[in-house]
Amino acid sequence: MIKITLPDGTVLNKNAGITGMEIAEGISSGLAKQSIVIELDGKLRDLSFPITKDSELKILKKDSDVALEIIRHDCAHVMAEAVQSLYPGTQVTIGPAIEHGFYYDFARDKPFTVDDLEKIEKKMHQIIDDEIEFKREVWNRKDAIKYFENEGEIYKAQIINDLPEDEDITIYRQGKWLDLCRGPHLPTTKHIGKSFKLMKVAGAYWRGDENNEMLTRIYGTAWRTDKELRTYLNMLKEAEKRDHRKIGKAMSLYTFDEEVGSGLPLWLPNGTVLIDELESLAKESETQAGYDRVKTPHITKGSLYEKSGHLSHYKDSMFPAMDIDGNEYYLKPMNCPHHHKIYASLPRTYKELPIRLSEYGTCYRYEKSGQLFGLMRVRSMQMNDAHIYCTEEQFKNEFLSVCKMYLYYFKIFGIEKYEMRLSLHDPEKLGKKYVDEPELWLKTEDLVRQALQDGKLNFVEIPGEAAFYGPKIDVQVWSAIGKEFTLATNQVDFAIPSRFDLTYIDKDGKDKTPLCIHRAPLGTHERFIGFLIEHFAGNFPIWLAPIQMVIITISDKFNDYAESVHKQLKANGIRANIDSRSEKMGAKIRLAEINKIPIMLIIGEKEVSENTVSVRRKFKGDLGSLKLHDFIENIKKEINNRLL
RNA sequence: GCCUACAUAGCUCAGGCGGUAGAGCACUUCCUUGGUAAGGAAGAGGUCACCAGUUCAAGUCUGGUUGUAGGCUCCA
């Protein structure tokens, strides 16, 4: 007899070898029906797993998060079986559950196409309807390797070979088909249900290494119920509508041109308004925070980038050199070396520090063609850049005020979903990916960590994500379609100032090396605007909206008055258009709504005679009429305060 | 860069088997002068991404180039 303790403290005395399923059945038939898997002493096991010793047992039902993960994982297994039965000779590799679904990577001479997905899905339904049991077996390691090698499954054999020595090699059979798997699994394929869908095919490198062969990955999504599946698919559709590439086109914000080159956006007048507004915001807050503005050239000699370390650590992301009078020149990927030169152009004393140099210059980075993505990943980018040179004592304060600056920006834009990440170096990559200063790395990382903790900011630590010259804080956000991006960044540079012989004369008359903070609270204008488009779904607050309002005349009898209103709006710095087409008011309103123009000023007989405008706002509708003067004063307040 | 797919009017898209292009919206003109999400009519718009090849004939078939999309890898 063994003792089995349930989560509520109940202790059951049972014969050794009893299974989770049997215990569930003993409790209630309803529970047995709902049960998916058990947690035995903290480890997930199959319902059919024989319990042989005193244990703590938790029975997990279909509604648990774990169950959903297992449904997805099993779905991957069933897909693999379907694929191998339909396309003999295809090798299986790995097939995990992921957020929203699962994937499986296959090795096959001919990659799958979208047409294959339908056939595979049909076969999967068949396997699920057949209600096949998942059976766990523990195999001898050598036998397992031999088995998979004989089957021509070289990837599986390799996976087993690389498993830790002490780990059991478990095999799951589903009917005639079997796969190496840690488990656990559902009792039968029927438990997977029908709420899944194969989504897309993609290439993926074996073990995620681009030096390895390319496998074919099939992505699927799977849910507990059809309702959940439909909700998810619907969410994807809604997200597509927010896609900055779609809205950017519809609102004429920016465009790309084949003859200009990929990743090189052309900002149209409407989009340039957004850039200008962001710049004004940045200039305003940076002036207040004691920054000085500078301007530096777009191309520079290679020798400067040798000194900065860019050529040894960052060359892959730089456009190739151009030869000018026998010298190699590069397009600048970052502003730091230039700012360092500006710092070095004069002797500096401790009294001047901190020195804060800001620049809204364009940088150029060579991104591989496959990773360009609308405005979020481009090759020419305008940075909201600055470098702060300070003493070690000043560091914490400076670093935190930068963090506060981007939190201030986030508040203005109503950005609530973000994650701050402290990116640290990977000691194994010192001298390669990172400058070879092991002690300075640790010391600086500690300095940053301390600053964040003292500032009571929430953050997570990610090793191996630092910049080549120092640790950084990245602020991560997610695009409408769920891609993750770094929006703002705040980096410490401890190595470069000494390479550039940057010094200041300290109180004691001795030369010392300052610390340098790189910071870009608005990231690049391209990415920031791409993100804002999705964040607002194109419905920008008034201060940002490229076209703030449109004047709609009820008939062309009122065009003269409309012109005079337009003139007064312009004189007050308000961006307005007139819609004087020979159309009905309803049609004009509709067009303005579709174009996401926040305010409509309707003008007819009544407004002309009373010197008013009838105000209609997007999302709010008809707000009645106001004296033109009063309207302008109100709206100016809203614009100047950058209200949401 | 790698894998897969796609590229037709300003936008969204039709164009089984090869026979030199079509819709809706937008645009222009005319009629209409209408009070809070589509009034009517007519017209103009395309070297079917580009370059080769096959063919009597290519938007359609083949190859290449460029660009775009979804992934992988990499990053603000």
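Quick note on labels: first sequence line is chain A, next is B, and so on, each numbered from 1. The structure presented is a predicted model; accordingly, all values stated were derived computationally and were not measured.
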Distance-only side-chain donor-acceptor flag, E605(A) / Y561(A), under 3.5 Å | no
Give one of base, sugar-phosphate or nothing for E367(A), where a contact means two heavy atoms less than 4.0 Å apart.
-> base
With a 4.0 Å cut-off on heavy atoms, is A587(A) in touch with a base, just the backbone sugar-phosphate, or nothing at all?
-> sugar-phosphate
Scan S582(A) against the nucleic acid and name what it touches under 4.0 Å (heavy atoms): base, sugar-phosphate only, or nothing.
-> base
Could you check whether F528(A) gets within reach of a base, just the sugar-phosphate, or nothing at all, counting any heavy atom under 4.0 Å?
-> nothing
Tell me what K249(A) touches on the nucleic acid: a base, only sugar-phosphate, or nothing, going by heavy atoms under 4.0 Å.
-> sugar-phosphate
Classify the nucleic acid contact of R527(A) as base, sugar-phosphate or nothing, counting any heavy atom under 4.0 Å across all strands shown.
-> base
Touch check for S262(A), heavy atoms < 4.0 angstrom, all strands: base, sugar-phosphate only, or nothing?
-> sugar-phosphate
Backbone of D579(A) reached by a side-chain donor or acceptor of N577(A) within 3.5 Å = no
Roughly how far apart, to the nearest Å, are C56(B) and C50(B) at atom P?
-> 24 Å
Report which part of the nucleic acid E484(A) touches: base, sugar-phosphate, or nothing (heavy-atom distance under 4.0 Å, all strands).
-> nothing
Heavy-atom nearest nucleotide on RNA chain B taken for F112(A) and for G208(A); more 5' hit belongs to F112(A)
Give a yes-or-no answer on whether the side chains of Q84(A) and T90(A) include a donor-acceptor pair shorter than 3.5 Å.
-> no
Assign E259(A) to base, sugar-phosphate, or nothing according to its heavy-atom contacts below 4.0 angstrom with the strands shown.
-> nothing
Using the glycosidic torsion, which applies to G45(B): syn (within 90° of 0) or anti (everything else)?
-> syn
When you compare G19(B) with U60(B), how far apart are their P atoms, in angstrom units rounded to a whole number?
-> 11 Å
Polar side chain donor-acceptor pair, K606(A) to T612(A), under 3.5 angstrom = no
Counting any heavy atom closer than 4.0 Å, what does R377(A) reach on the DNA or RNA strands: base, sugar-phosphate only, or nothing?
-> base
Short side-chain to backbone donor-acceptor contact, R519(A) and N490(A), under 3.5 Å = no
Give S614(A) one of three labels, base, sugar-phosphate or nothing, depending on what nucleic acid heavy atoms sit under 4.0 Å from its own.
-> base
Are the side chain of Y434(A) and the backbone of G464(A) linked by a donor-acceptor contact shorter than 3.5 Å?
-> yes
With a 4.0 Å cut-off on heavy atoms, is R519(A) in touch with a base, just the backbone sugar-phosphate, or nothing at all?
-> nothing
All pairs passing salt bridge (charged side-chain N to carboxylate O under 4.0 Å, His left out) where residues 196-209 of chain A contributes a residue, at least two apart | D162(A)-R207(A)
Separation between the C1' atoms of A23(B) and A14(B), rounded to whole Å | 7 Å
Distance, C1' atom - from U66(B) to U29(B), rounded to whole angstrom = 39 Å
Watson-Crick and G-U pairing of RNA chain B, under 3.5 Å, as dot-bracket with | and [ ] | (((((((..((((.....[..)))).(((((.......))))).....(((((..]....))))))))))))....
Whole-angstrom distance between A21(B) and C30(B), as gauged at atom C1' | 29 Å
Assign each of G261(A) and T486(A) the nucleotide of RNA chain B bearing its closest heavy atom; nearer the 5' end lies the nucleotide of G261(A)
When all nucleic acid strands are considered with a 4.0 Å heavy-atom cut-off, which category describes K620(A): base, sugar-phosphate, or nothing?
-> nothing
Which two nucleotides bound the region of RNA chain B that has atoms under 4.0 Å from heavy atoms of chain A, read 5' to 3'?
-> G1(B) to A76(B)
Base, sugar-phosphate, or nothing for G370(A), non-hydrogen atoms under 4.0 angstrom?
-> base
Does the side chain of T553(A) pick up a donor-acceptor pair with the side chain of K588(A) at under 3.5 Å?
-> yes
For atom C1', what is the distance between C61(B) and G18(B), given to the nearest Å?
-> 8 Å
Provide the distance between the two C1' atoms, one in U20(B) and one in A57(B), to the nearest whole Å.
-> 9 Å
Do the side-chain N and O atoms of D116(A) and Y87(A) include a donor-acceptor pair separated by under 3.5 angstrom?
-> yes
Separation of the P atoms in G70(B) and U12(B), to the nearest angstrom = 15 Å
Should the pair Y232(A) and W223(A) be assigned to parallel (<30°), tilted (30 to 60°) or perpendicular (>60°) ring geometry?
-> tilted
Heavy-atom side-chain contact between L487(A) and R527(A) under 4.5 Å | yes
